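So that the names make sense, note that chain A is the first sequence line, chain B the second, and so on, each numbered from 1. Just so it is clear, the values below take in all heavy atoms, side chains as well, and ignore hydrogens, waters and symmetry mates. Bear in mind that the values here come from a model prediction, so they are computed numbers and not experimental data.
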2 protein chains.
Amino acid sequence: MMNASRQNIPVTAADRVLQEMQRAIVEGDIAPGSKISEPELAKRFDLSRAPLREALARLERCHLIERIPNAGARVVKLSTAGLLSLYQLREELEGLACRLAATQMTDAEIAEMQALLDQHLSTQRVREGESYYQEAGDLDFHYRIILGSKNPYLINILTDELYHLMRMYRVQLGMNGPRVSRAFDEHKAIINAIANRDGELADLLMRRHVAASRRNIEPTLLEREQTGN
Amino acid sequence: MMNASRQNIPVTAADRVLQEMQRAIVEGDIAPGSKISEPELAKRFDLSRAPLREALARLERCHLIERIPNAGARVVKLSTAGLLSLYQLREELEGLACRLAATQMTDAEIAEMQALLDQHLSTQRVREGESYYQEAGDLDFHYRIILGSKNPYLINILTDELYHLMRMYRVQLGMNGPRVSRAFDEHKAIINAIANRDGELADLLMRRHVAASRRNIEPTLLEREQTGN
DNA sequence: CTTAGACGGATTGTCGACAATCTTGTTTTT
DNA sequence: AAAAACAAGATTGTCGACAATCCGTCTAAG
């Protein structure tokens with residue numbers, strides 16, 4: 001019904017440019033607020049402006065750049081208001097995803113997630129503090145629940161349109177705090193609620209989980225704001 | 001922060017093609033499921049394929065067409081599953097919009113909406129049965145509340161990405177039922193809750209309002225499905 | 001008879017160049 | 001001196017043509 005895969009194998013040149021620019025913007029390789037020059041980027045990626053503009057259109061779609069007709073595109077700037085708006089939406093949507101997943105996920109999918117969580121937990125205990133694995137595990141957890149909702153529009157919004165922007169906030173604000181161990185317990189509680197087919201509880205727990213994640217990076221942004229970026 | 005205006009004045013050729021194709025698809029002028037031929041459309045609109053492809057990219061963004069790399073685009077097909085998924089999301093998002101609007105809208109904005117509702121109510125009584133005015137009034141009501149949330153991402157999703165698809169379902173399934181008068185009462189109750197700054201109640205009422213709207217077109221789609229479109 | 005492979009036609013993806021528009025710095029006018 | 005008008009430069013939007021890929025059909029082998 002719809003392209004819902006997060007990691008699409010790049011088949012076209014525009015796909016490759018899109019992926020590389022997503023990475024570059026999310027990781028701050030291209031500074032927030034900086035202007036995007038089409039001729040410059042075309043030269044840098046060694047291709048024509050046609051596929052580049054296709055990539056820019058998709059970057060706009062996931063809110064990483066902002067375009068103005070006849071005036072060009074700029075990389076998005078992080079802001080407290082933006083973070084708040086983004087997480088307001090994310091709490092609501094991931095909560096909904098949990099509620100739907102509680103009735104839509106198959107027993108097999110649930111069992112697989114529980115097994116994966118236990119596996120992640122053990123590797124996390126071994127490599128304490130390695131936030132990379134935590135990061136990947138966390139993303140995979142949320143990703144599977146979102147897919148479990150079986151709602152294509154919801155999946156599209158969360159995995160294609162808001163996902164990269166959320167990563168941008170987390171990466172640029174250095175989300176590697178002491179939540180590593182607590183997040184696992186919260187994940188476990190959520191998947192248990194889904195296994196019990198308790199959508200209401202799963203919804204509630206996920207909203208709290210997302211809210212906790214927001215509160216974890218909020219102070220960083222606030223202090224950054226006071227120092228004038 | 002973001003382009004959040006629903007009726008953007010078309011400044012570029014791609015904008016004009018986009019608007020015309022949105023209308024054509026929503027109103028069924030181009031049959032659901034039919035293939036989109038770029039050369040054919042370019043000839044029909046008398047322009048090159050470059051702005052046409054830009055328009056197609058945006059049509060995909062609002063879920064009116066589906067593209068497959070190197071294989072072309074097809075107009076989206078209506079389905080019961082799609083309608084259900086769409087309204088699941090809409091209930092959640094418009095409910096959230098209400099909750100936010102209850103704290104974010106200014107007194108002036110609320111007063112203006114109340115005045116507009118009374119005005120619509122009187123004209124509706126005069127032109128009983130004219131569903132066009134009801135349609136426009138209903139859209140305007142929802143549109144203003146969505147804007148009132150002041151959340152740019154929420155606004156973008158509802159007014160740019162899901163709006164046209166919702167219209168497509170309503171138009172093609174002939175949403176002109178006997179809900180005309182009841183909708184006004186529900187609108188009135190919602191705006192009153194917002195005026196009282198009662199976000200929880202406004203949220204609840206809006207979810208019910210959207211659910212009622214869904215139940216109004218659901219049977220039409222079901223019977224259509226049985227007769228094999 | 002079924003299935004694998006190749007060929008032809010059409011469609012999509014990409015390219016380089018031109019035209020329209022905006023930005024910036026200067027000049028002119030009030 | 002401040003504001004408006006103008007001009008140069010650069011950037012975006014659009015065009016027509018070429019290259020790469022896919023779809024359907026036919027042929028040929030098992």
[X]: which residues meet the side-chain hydrogen bond (donor to acceptor under 3.5 Å, both in side chains) condition with it, sequence neighbours left out?
X      : answer
A/E27  : A/R23
A/R58  : A/D15, A/E54
B/D107 : B/R197

Footprint string (nucleotides 10-23 of chain C, 5' to 3'): B base within contact, S backbone only, - free, heavy atoms under 4.0 Å: --BBBB-B---SS-
Non-neighbouring partners of A/Y87 that pass ring pair (Phe, Tyr, Trp, His ring centres under 6.0 Å), sequence neighbours left out: none
Counterpart residues, salt bridge (Lys or Arg N to Asp or Glu O under 4.0 Å), relative to B/E92 (two or more places apart): A/R99, A/R207, B/R207
